[in-house]
Amino acid sequence: MSMEELLDKIWEMIYGGIQTGAAGLDKLFSPLNVLGPVVVILLIALITVAITKLLKRVIRTKRLENLEKEFRHWMSVREEAMNHPDREKGKMLAKNIDQARLNRVYYDYFLEGLLLSLVTFMLPIALMGAYVNEYYRADRLLRDFGREYIFRFGTENPVLVGSVFWFICSVLGINIIILIAGWMLKSKKSTSSVGQSATNAGKNNTSIVEEN
């Protein structure tokens, strides 16, 4: 078997696997069509985001962890030098740090993180976006839902929103909501810890006064 025939065979297997996976997803989501395309594609986007979060937790290489530790180490050393009481001396100490090594570590750390992001974030979104583009295209929307679009804005020259655009907006919106919720939860925990510390300090002061 020649190399060209081997590559063709591999591509046929990959393409067959993609078609099988898409058909399985179609069977999974078809019963939800009664909810309408807006809700169905929103659910697909929600599942996609959940998959990316799961992959991000599971797929984390040892090399990335080592690069992150090394990068944080050199950055902390540089920050300590810059925070020296004697500013001029601090600048001199910072200059003595191997800037080329720091840049190299940062470059490797950034590249490794980018490659992992492609696998854990961009690839799932691209695959699910391709599924949405194929199985919720205009002719299928017309057949299953009676219209060729997801949303329509305007009357004279209407702007039609398709399935892929709605899917991308849903993915972005869900991620933004998760970020905001995480930030609010973190702020609430910080406020609670500060309040708890103040309460404990007040109790300690009261105890001291009572003992005196």
Could you tell me which non-hydrogen atom of [X] sits nearest to which non-hydrogen atom of [Y], and how far apart they are?
X: Arg152; Y: Leu160; answer: CG-CD2, 3.7 Å
X: Tyr136; Y: Ser163; answer: O-OG, 2.9 Å
X: Lys53; Y: Asn175; answer: NZ-OD1, 3.7 Å
X: Arg140; Y: Glu134; answer: CD-O, 4.0 Å
X: Ile125; Y: Phe167; answer: O-CE2, 3.7 Å

Just so I know, are the side chains of [X] and [Y] near enough to count as touching, which here means a heavy-atom distance under 4.5 Å?
X: Leu46; Y: Ile174; answer: yes
X: Phe29; Y: Asn33; answer: no
X: Val159; Y: Phe151; answer: no
X: Thr120; Y: Thr52; answer: no
X: Leu123; Y: Leu118; answer: no

Cluster check Ile180, Leu172: I/L/V/M/F/W/Y, side chain < 4.5 angstrom: no
Hphob cluster co-occupancy, Leu28 + Val34, side-chain heavy atoms under 4.5 angstrom: yes
Which distance, rounded to the nearest 0.5 Å, do you find between the [atom1] of [X] and the [atom2] of [Y]?
X: Phe145; Y: Leu35; atom1: CZ; atom2: CG; answer: 9.0 Å
X: Tyr135; Y: Leu141; atom1: OH; atom2: CG; answer: 14.0 Å
X: Leu127; Y: Met122; atom1: CG; atom2: CE; answer: 11.0 Å
X: Ile51; Y: Phe121; atom1: CD1; atom2: CZ; answer: 12.5 Å
X: Leu42; Y: Trp166; atom1: CG; atom2: CH2; answer: 5.5 Å
X: Leu142; Y: Arg147; atom1: CG; atom2: CZ; answer: 10.5 Å

Enclosure of Arg143 CZ (heavy-atom neighbours >12, cutoff 6.0 Å): yes
Criterion side-chain contact (heavy atoms from CB on, under 4.5 Å) against Pro124, the qualifying member of Val49, Leu55, Val119: Leu55
Sidechain-backbone polar pair: Arg137 side chain, Asp139 backbone, donor-acceptor under 3.5 Å: no
